[in-house]
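I have placed the structure first, in the form of structure tokens, so that the comments after it can refer back to it.
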Amino acid sequence: MRIRTFAAAVAVTGLALAACGSDGDGGDGGAAGASASASASTGGRANPDATVTIGAVLEPTSLDITRTSGIAVGQILLNNVYEGLVKRDQKGVVSPALATSWKISPDGRTYTFTLAGNAAFHDGAPVRAADVVWSLNQAIAPASTNPYASDLAAIAAVSSPDPRTVVLTLKDRDSGLLFHLTGPPGVVVRQGATGLAGHPDGTGPFRFDSWRRGDSITLVRNDAYRGPKATVARVVFRYLADANAQNNAVRTGQVDVGVISDNDLVDAYRGNPKFVVAEGTTTDKFTLAFNQDRGPLADVRVRHAIRQGIDKDGLIKVLGAGTRIGSPVPPLDPWYSDLTSIDRYDPASARRLLAQAGHGGGLRLGLTIPNIYPPSIGDYVASQLREIGVTVEVRRVEFPAWLTGVYTKHDYDLSIVDHAEARDLAFYVKPGYYFGDRSPQARELATAGASAASDADRDTALRGLARRYSEDAIADWLLLGKARQVARAGVTGYPTDDVSAIYDLSKIEVAKS
Amino acid sequence: MAVIILRRVGLLAVSLFVASLLVFALLRLLPGDTADVLAGTSASPDQVLRIRHEIGADRSLPAQYLDWMGGVLTGDFGVSALNGASVSGELGEKLTVTAPLVGAATVLALAVAAPLGVLAAARHRRTSGVALSALSQLGLAVPTFWVGLMLVTVFAVDWRLLPAGGFPADGWADPVAAVRGLVLPVVTLAVVEAAVLLRFVRSATLEVLHADFIRTARAKGLTRGQALRRHGIRNAALPVVSMLGLEFATLLLGAVVVENVFALPGLGQMLVADIGNRDLVKVQGTVLLVTAAVLVVGFGVDLAHRLLDPRLRSAR
């Protein structure tokens, strides 16, 4: 059987693996205005009664977005069913959502949002400031079980001086706050809402209709939406974890848009007028983490040696898609800079470094990798490292075993997972994170980035932080994934970039047949 | 007979109890933790503790087991730790896919294997018998998922006769669509099963063909076919029925593979996903149900034996 490539998929947390890649497009997300969706519309021939079926890989484990980890739930519900005060497009550009405008105080510690006057929940109840206050307070409460509570850690208090105004008071300036408010912890639900796992009730352009577990989730157009109405009547997300099943569903028209990652499978659609192949960038950073807290990897020379011993271009060739990145910053982020020149592929230098570190006679290391990823990744890394005298024992484990063993207990030497979350640079200075930069300098840079008064200052600090991570060799970034979808001709407006975190359906159109 | 049935029911209950203990204990040995899965990679260690408390995973194992069993005895399999959905409700929903799949595959496999197996035995020295035998060997050799992939490629992708996978979202509300969705999976599952059964029916029939009572029947003037039909088949059926009971477990296992190949929202697909998410309450409910099904089928086979073979009815 064909190797299950990228879309193999994880069932669980944020470290998802969706389809992969980037052609290095993307550029400065902060400035790029255009939303990243598949180009041309149907030119006014859209069928307003259409149902669009989208083939997805990762099914959410629960629909309660306020307490479910992993990006699968946000992928379908963010921007579509739920809205926050603000939203972001597929390239990460923040724009108004439930708040029509906002003001940030000069010290950056007070955010004043003005709410849309005509926003309503799907059951018809108007959105009041009290709902916003309640939602955000739930997320930041000391006993919060919202897995993304830490994204909003800067918020000290949420209040509402009048029914159309919400004020966030921050402990410290947080340049990432608006972006974080576009994610799962920022969604607004009704005050006192319960039962969100079975019936999400939001304010977005689509209403939740039904969930057939193990099969599909159906959303229907919210005809009472205050903004531009969605251009299709229904959207069905069909979950097809098996790459062949996904491919067959696309091929036979069971789904209108599907994720096809395998090179050979994608090639079969190219040049076929009935289909369109859409490629986009992602935030899927395949990260080879080094456990600095024990053993030989505490020595920075060993870490550099390993980075220099792995030819990333070769791995991308093996996997068929991806982009080389030299740090955890994908090109979509405003503070991206090309760091691939640090620790270039140089096996001779790698061997020298290992000899200097006292491992000239060889070194044995364990590599833990969840079995949701293609085996070729671990095998490739092991075979490359063998060339420089490092014997790698690959352990393929189930994802939950990785979470408990590597992530929680830090019991590993080397680990590979896909860090799929956007803008996660600050994770790696968190004390107790399973790998990272423990130096005060790194923490200072992260703080400087968060508390920067201007975008330029933020970008400078975070660019410096990313460089530090790379120069300090806290990990090796093997590649950035690429999102590849195949759509039936006549379906347009579907998102193409970063589709695993948010799949914005508001512009999807189906041509009348 | 009544005493025997009662004794068998008692044995069934004890087996189920032991199975529940085993299932519960073995799942706790798996590396990984439901609370870690729920918390993901952004939550703080404090949050993980809170989540573990909320789902009750911080209680002692005996307490968790008794709680679970207490529910099961009253027909309540508990709720999923991940989304709070009722396990009984989900099992019921998934069975509307898996039960017809396994049931139809068994019937189809038997319908093909029984006559062909007898034929293969009756003609075991002729070309047709040898060909049938070779065909069943081939059926045994190919993996289930490969059969599925080939059937999809031909019947769904190339000829567009049947859906490539999936099951109607509204289940059996549209019976035609539901049946169409099950045709290829049933055939896939039945092909391998039929091959196993065919070989078994053949050897059982061959054995009977050489039995004394057939020779006696022939001596009375019956033709070979008549002897086989009147005296042979009933005797050959005995081991085949036993085999069918054992194969039921294999079929359920095959359903896991087939449901994944055909993206069918059934029990097998759910079980794989739930193990991957460490949704232990759901997994143990599913495994217990499947175990119960296999044990009950074994019980049924035992009864069938006694009906088929009068000699066993008085036996203890």
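Sequence lines set the chain letters: A, B, ... in the order given, protein chains first and strands last, and positions in each chain run from 1. Fair warning: this is a prediction, and the values are worked out from it, not measured in the lab.
B/Pro163 touches chain A through backbone and side chain together, each having a heavy atom under 4.5 Å away. Only the backbone of A/Pro142 comes within contact range of chain B, with heavy atoms under 4.5 Å apart. Proximity to chain A (any heavy atom under 4.5 Å) is shown, for B/Ile275, by both the backbone and the side chain. Neither the backbone nor the side chain of B/Glu259 comes within contact range of chain A; no heavy atom of the residue lies under 4.5 Å from a heavy atom of that chain. Within the 4.5 angstrom heavy-atom criterion, no atom of B/Val272 approaches chain A. Only the backbone of B/Val261 comes within less than 4.5 Å of a heavy atom of chain A; no side-chain atom from C-beta onward does. The parts of A/Ser144 that come within reach of chain B are both its backbone and its side chain, each placing non-hydrogen atoms under 4.5 angstrom from that chain. Looking at B/Phe262, neither its backbone nor its side chain comes within 4.5 Å of chain A, counting heavy atoms on both sides.
Taking a 6.0 Å sphere around CZ of B/Arg50, one finds it holds more than 12 heavy atoms contributed by other residues, nucleotides or ligands.
Under the side chain to side chain contact (heavy atoms under 4.5 Å, CB included) test applied with A/Arg213, the options B/Lys94, B/Met270, B/Gln269 reduce to a single match, B/Lys94. A side chain to side chain contact (heavy atoms under 4.5 Å, CB included) with A/Leu403 is found for exactly one of B/Val48, B/Val37, B/Asp33, namely B/Val37.
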Evaluate side chain to side chain donor-acceptor pair (under 3.5 Å) for B/Asp36 paired with A/Thr404, printing each intermediate quantity in order.
-> CA-CA 7 Å; B/Asp36 281 342; A/Thr404 301; 2.9 Å; yes

A/Arg212 and B/Asp170: side-chain contact (heavy atoms from CB on, under 4.5 Å), yes or no, with the steps?
-> CA-CA 9 Å; A/Arg212 189 171 161 82; B/Asp170 45 2; over 6 Å; no

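For the set A/Gly214, A/Ser150, A/Ala149, the count of heavy-atom pairs under 4.5 angstrom toward chain B peaks at A/Gly214. Interface remark: of the candidates A/Thr218, A/Asn146, A/Asp64, A/Leu196, A/Asn146 forms the most heavy-atom pairs closer than 4.5 Å to chain B. Contacts with chain B were tallied for A/Ala143, A/Gly405, A/Ala245, A/Ala197; A/Ala143 has the most, counting heavy-atom pairs under 4.5 Å.
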